Amino acid sequence: MSGLNLRGMWAIYRTEMARTRRTVWQSVATPVITTVLYFIVFGGAIGSRMQQVGGVGYGAFIVPGLIMLTLLTQGISNASIAIYFPKFTRTIFELLSAPISSTEAVFAYIGAAATKSVLIGLIILATATLFVPIRIMHPGWMVAFLLLTAVSFGLFGFLVGIWAENFEQLAIIPSLVVTPLTFLGGAFYSIDMLPEPWRTISLFNPVVYLVSGFRWSFYGVGDVGVGVSLAFVVGIMVLCLALLWWIFRTGYRLKP
Amino acid sequence: MSPVLSVSGVTKTYRSGQIALHEIDLAVEKGEIFALLGPNGAGKTTLISIICGLVSMSSGRVLVDGHDIVQEYRAARAMIGLVPQEIALDIFATVEDTVRYSRGLFGRHAAPGHIDRLLRDLSLWEKRRARVIELSGGMKRRVMIAKALSHEPDILFLDEPTAGVDVNLRRDMWEVVRRLRDRGVTIILTTHYIEEAEEMADRVGVIDRGRLILVEETAALMRKLGKRRLSIMMQKRIEAIPLALAGWPLRLEADGERLVYDFDANAPDTGIPRLLRDLGAAGIDYKDLETSRTSLEDIFVGLVEGRT
Ligand SMILES: Nc1ncnc2c1ncn2[C@@H]1O[C@H](COP(=O)(O)OP(=O)(O)O)[C@@H](O)[C@H]1O
Ligand SMILES: [Mg+2]
């Protein structure tokens with residue numbers, strides 16, 4: 001028994017996906033319903049009074065932002081629960097005692113969380129096409145941003161799950177940090193529409209870069225250059241990986 | 001024969017500053033049933049957790065069949081199955097799924113035949129499609145055992161296996177343990193019941209306050225237990241043992257109202273008639289005699305309390 005423990009990784013991935021299937025309503029229906037609501041409120045009620053943004057109809061304009069919003073919140077909560085729950089129920093003992101490396105375990109967990117995020121993102125996209133016509137200018141980049149964001153925020157969620165010692169802490173990052181940042185990150189508007197100094201302040205919000213890059217892959221326009229967006233996503237991913245590496249090296253909050 | 005488990009100089013200080021283990025050295029032979037006996041808080045779970053990779057050691061080295069548990073953790077862990085003290089299960093999974101998951105996690109190819117046999121042996125067959133949440137506490141413990149055995153480990157750790165367990169499960173569990181031993185599986189269990197160590201183990205290690213204070217073959221330990229104790233109740237209390245009796249290994253107890261003499265019940269000469277004669281000669285009157293077995297429990301309590 002040397003080399004990769006692929007069977008172990010597969011076991012984790014499959015079990016995580018089975019967990020998704022068990023809670024299919026919660027996992028899939030909730031984001032879809034939320035999206036429809038956003039569409040009715042932002043796209044329908046408000047959007048009908050808005051002009052085009054950057055040459056794109058308002059309904060279509062908010063689609064990438066909506067997907068990002070869901071990807072971030074869902075990605076974080078899925079991945080954080082995936083690791084927090086075994087800690088909480090103490091079933092993590094089995095993972096720690098298994099002949100599987102931390103890297104392998106992270107790959108399997110994040111793989112499952114990202115799969116779920118991407119599926120949800122695609123479901124939202126499909127739902128949105130029922131409301132507005134959507135064109136995707138750079139499908140390759142669209143998929144790349146989708147995957148990168150799903151993985152990055154899966155990793156981020158994993159960190160939150162390891163750090164959290166109770167359910168409040170588990171909920172606090174997605175609800176108190178990520179959701180506000182996403183709302184203020186140009187999910188539903190272009191930051192060019194903001195007056196100074198808010199526009200400049202917005203540039204400190206990492207979500208702006210994610211949404212901008214993703215929107216660029218749809219419509220070819222973004223608040224910042226696509227290269228900068230890409231650098232941000234990759235940067236977040238590298239930062240999370242570095243933190244995880246440190247955690248596994250020191251056993252922080254995993255091993256007494 | 002080189003030991004299948006070798007622990008050398010293992011210490012553990014928790015982040016709280018609590019010293020749980022002082023320099024533990026231990027070797028367990030392949031195919032042995034080894035009992036770690038010690039009171040609550042002695043460090044049994046800590047030691048097992050270190051060997052299994054759940055807790056990091058502060059210093060020392062552990063080899064599992066020659067594999068260092070840190071550098072060669074894959075090879076070491078693949079050999080080990082662990083049934084922890086507490087039940088910890090994914091309560092939404094089915095019995096069958098969670099047992100299969102364990103086997104996969106340990107990198108083993110699916111083996112439906114093995115899993116089925118395991119479920120039958122542990123009387124889980126009828127419940128294999130049930131979710132864990134629907135099971136009773138005893139059944140959950142059976143699932144824990146099935147998970148630990150799913151990847152056919154060479155060494156099985158059972159942490160307090162019978163704490164709060166009913167008679168049936170206890171019987172089934174020992175049956176499983178005996179069968180595993182017959183197949184050459186090494187079994188290491190912890191307990192704070194002496195009877196359990198006595199009943200199951202080939203060797204016993206007594207651990208107390210983080211120190212392994214004795215490792216002995218159970219049979220040898222039991223021979224020590226063959227010792228009897230004669231208690232002699234004094235007619236009048238005496239201040240000290242008279243000089244005339246200095247040749248006898250006697251102890252004065254109960255404020256001088258009782259003399260205690262330990263002897264080997266299996267020896268051809270217990271020395272009792274001579275002792276009683278010598279007592280009479282020394283002018284000591286006694287009102288009652290009482291013999292009792294010094295139980296392992298007494299020895300154990302003695303071991304544990306004698307060192308402060
Ligand atoms: N995670 C932990 N953090 C701090 N102290 C601990 C931890 N786990 C156990 N201890 C302490 O270490 C000692 C040994 O505990 P343990 O190994 O559980 O003993 P046993 O299993 O023999 O009852 C106890 O004093 C216990 O309080
Ligand atoms: Mg214990």
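Because the structure is a prediction, the values reported are computed rather than measured. Because only heavy atoms are used, hydrogens play no part in the values below, and waters and symmetry mates are left out as well, while side chains stay in. Below, read A as the first sequence line, B as the second, and so on, with proteins coming before strands; counting in each chain starts at 1.
- A tilted orientation is assigned to the rings of A:W141 and A:F145, their planes being inclined by 30° to 60°.
- The environment of A:Y13 atom OH is dense: over 12 non-hydrogen atoms of other residues, nucleotides or ligands sit within 6.0 angstrom.
- Contact of B:H151 with chain A is not made at all, since no heavy-atom distance falls under 4.5 Å.
- Side-chain rings of A:F167 and A:Y84 approach one another, their centers coming within less than 6.0 Å.
- Taking the ring-ring contact (aromatic ring centres under 6.0 Å, His included) definition, one finds that B:F34 meets it with nothing, sequence neighbours left out.
- Options A:R90, A:R7, A:R19, A:E104 differ in how many heavy-atom pairs under 4.5 Å they form with chain B, and the most are formed by A:R7.
- The choice from A:L6, A:T91, A:T89 that makes the most heavy-atom pairs within less than 4.5 Å of chain B is A:T91.
- Here B:S56 is the residue among B:S56, B:A110, B:G81 with the most heavy-atom pairs under 4.5 Å with chain A.
- Applying the side chain to side chain contact (heavy atoms under 4.5 Å, CB included) rule to B:R128 yields the partners B:E96, B:L119, B:W125; only residues at least two apart in sequence or on another chain are considered.
- With no hydrogens or angles considered, no side-chain donor-acceptor pair links B:T11 and B:S58 at under 3.5 Å.
- Residue contact with chain A, scored on non-hydrogen atoms closer than 4.5 Å, involves the side chain of B:Y14 exclusively.
- For B:S102, the parts lying near chain A are the backbone and the side chain together; criterion is any non-hydrogen pair under 4.5 Å.
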Would B:D172 and B:L122 satisfy side-chain contact (heavy atoms from CB on, under 4.5 Å), going step by step from the backbone distance to the final call? CA-CA 7 Å; B:D172 286 5; B:L122 286 160; 5.7 Å; no
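- For B:A148, no part lies near chain A; criterion is any non-hydrogen pair under 4.5 Å.
- The only option from A:V160, A:I92, A:L159 that meets the side-chain contact (heavy atoms from CB on, under 4.5 Å) definition with A:I83 turns out to be A:I92.
- Proximity to chain A (any heavy atom under 4.5 Å) is shown, for B:L82, by both the backbone and the side chain.
- Proximity to chain B (any heavy atom under 4.5 Å) is shown, for A:S97, by both the backbone and the side chain.
- Both the backbone and the side chain of A:L95 come within contact range of chain B, judged by heavy atoms closer than 4.5 Å.
- In this structure, no portion of B:M57 lies under 4.5 Å from any heavy atom of chain A.
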